[in-house]
Amino acid sequence: MAIDASAVSATPSAAPSGSRRRGGVRGNENLAGWLFVAPVVAILGLFLLLPILMAFWVSLTGWNGQGSPFTSGVPFVGTDNYTRLFTEEGLARRDFMTSIRNNLYYVAIVVPAQTALALGLALVVNNRMLRGKTFFRSAFYFPSVTSSVAISVVFLFLFANSGAVNALLGAFGIDGPQWFADARGVLHVLLGTVGVDQPPAALTDGGPFGLTWWDWLSGPSVAMVSIITLVVWTTSGTFMLMYLAALQNVPVTLDEASTLDGASRWQRFRYVTLPLLRPTTFLVVTLGLIGTWQVFDQVYVMSQGDPAKTTLTPAYLSYRTAFRDFEYGSGAAISFVLFLIIIVLTLGQRWLMRDRDRTGRRSWRRRRVPGRS
């Protein structure tokens, strides 16, 4: 009995010491982990977070680029740089809203077009009967890794007045436009073909944010169409690889089972393949939204916002306002508004995709419940 009592008394004292040793080991592991990531955290904070905070401070000032923006001589304007973009009548608001309109049409065309083209190319190169898959994959992906500046210069020659595009259109009896000098909106051009050359008075009397409804409904300009063509061609290759990786992860047994059930090729794609590609589609659309709202280099090389500011985008407007007009506060404010637009659109898209998934699961459960009873 004495031995049992001593054993019992020794057991509780041993447990705390073991827990202390385990806690000490875990504490050392946490400390070691923080020590390993400390250099990366310091670098990110120094070269990423700190510049963002500095830029936000500049957006609240009237700094003109001379000297340091953190001296007492720099005027502090608060939110004036932001209110000028939305509420105050003037050239700043008109240019900003013009860039937003241009970018909205740009996003509405580029994102669906590049997503559909990327999926189509992925289906082509994933075909088992296709020969020379490596060649076609490399050929489709090559424009994505080529310098955007170099490709933009090539497209300048292609869409010149005497370029290959107008020569091709002339072979079909079509008189090609002056691509980078035509400021007409595509919708206005289409309306002109049916005799609507003058806008209705109801669309020219007023409109939101300093632009008339006729301006908002102009569509992308002819010059913007050439930039859209360039971007869709150069970005589809990257997204093709994402879809190709997802297609190769689709179980072959599902396709074979649907074939045995009598499903056609379209039905197999619609009800088997496409639902399995939803996560990849979400990634492609998200990256497309972010990239299209940040378009800059193509506009800088090909048009610099001309003609008549119909290719002006918020990213290029931010650069021009800061580095050409020397209004660094307004340029920084435009960049932060653009950042908020991207965040809101990304979160909204994520919420819509999640809501659809939940709705689909709820409807599937409702369909299965009567069968169980």
Mind checking whether [X] and [Y] sit in one hydrophobic cluster, side chains of I, L, V, M, F, W, Y counted as touching below 4.5 Å?
X	Y	result
Ile109	Leu104	yes
Leu230	Val299	yes
Val145	Leu241	yes
Leu50	Leu60	yes
Val107	Val186	yes

How close do [X] and [Y] get, counting heavy atoms only, and between which atoms?
X	Y	result
Ser236	Val232	OG-O, 2.6 Å
Phe180	Pro307	O-CD, 3.7 Å
Ala92	Leu85	O-CD2, 4.3 Å
Leu312	Asp95	CD2-O, 3.8 Å
Pro314	Asn103	CD-OD1, 3.0 Å
Ser148	Gln298	CB-NE2, 4.1 Å

side-chain contact (heavy atoms from CB on, under 4.5 Å) assessment of Asp297 paired with Ser152 | CA-CA 9 Å; Asp297 43 355; Ser152 299; over 6 Å; no

Stepwise side-chain contact (heavy atoms from CB on, under 4.5 Å) test for Val285 and Thr281 = CA-CA 6 Å; Val285 174; Thr281 302; 4.1 Å; yes

Quick check: does any side chain N or O of [X] sit under 3.5 Å from a backbone N or O of [Y], one acting as donor and the other as acceptor?
X	Y	result
Ser303	Thr311	no
Thr292	Leu289	yes
Asn166	Ser162	no
Thr71	Ser68	yes
Thr310	Asp306	no
Lys133	Asn127	yes
Arg268	Ala263	yes
Asn81	Ala332	no

Can you find a side-chain donor-acceptor pair between [X] and [Y] that sits under 3.5 Å?
X	Y	value
Trp179	Asn161	no
Thr212	Asp215	yes
Ser59	Tyr328	no
Gln267	Ser258	no
Thr235	Gln114	yes

Value rounded to 0.5 Å, distance of [atom1] in [X] from [atom2] in [Y]:
X	Y	atom1	atom2	result
Asn126	Leu121	CG	CG	12.0 Å
Thr286	Ile342	OG1	CD1	12.0 Å
Ile100	Leu338	CD1	CG	7.0 Å
Met240	Thr115	CE	OG1	14.0 Å
Thr346	Ile341	OG1	CD1	11.5 Å
Ser318	Phe96	OG	CZ	9.5 Å

Does the separation of the ring centres of Phe76 and Trp63 fall below 6.0 angstrom?
->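 Phe76 vs Trp63: aromatic centres not under 6.0 Å.
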
Qualifying residues under ring pair (Phe, Tyr, Trp, His ring centres under 6.0 Å), relative to Phe56, sequence neighbours excluded =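 Listed in chain order: Phe336.
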
Residues in ring pair (Phe, Tyr, Trp, His ring centres under 6.0 Å) contact with Tyr319, at least two apart in sequence or another chain = Phe296, Tyr300, Tyr316, Phe323

Determine whether [X] and [Y] make a side-chain contact, defined as any pair of heavy atoms from C-beta on separated by less than 4.5 Å.
X	Y	answer
Trp214	Pro200	yes
Ile227	Met302	yes
Trp216	Pro208	yes
Leu277	Thr273	yes
Pro177	Asp182	yes
Ile151	Trp233	yes
Leu48	Ile43	no
Ser218	Arg101	yes

For the pair Phe159 and Phe155, name the ring-plane relationship: parallel under 30°, tilted 30 to 60°, perpendicular over 60°.
-> parallel

Verify the neighbour count for atom [atom1] of [X]: are there more than 12 heavy atoms of other residues, nucleotides or ligands below 6.0 Å?
X	atom1	answer
Gln248	CD	yes
Phe70	CZ	yes
Phe86	CZ	yes
Arg265	CZ	no
Gln349	CD	yes

Might you work through the side-chain contact (heavy atoms from CB on, under 4.5 Å) test for Phe239 and Thr280, ending with a clear yes or no?
-> CA-CA 9 Å; Phe239 298 141; Thr280 305; over 6 Å; no

With the threshold set at 4.0 Å, does a side-chain nitrogen-carboxylate oxygen contact exist between Glu89 and Arg84?
->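 Salt bridge absent between Glu89 and Arg84.
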
Evaluate the side-chain contact (heavy atoms from CB on, under 4.5 Å) criterion for residues Met224 and Asn102: first the C-alpha distance (whole Å), next the side-chain angles of each, then the deciding distance (0.1 Å), finally the verdict.
-> CA-CA 8 Å; Met224 181 63 83; Asn102 297 338; 4.1 Å; yes

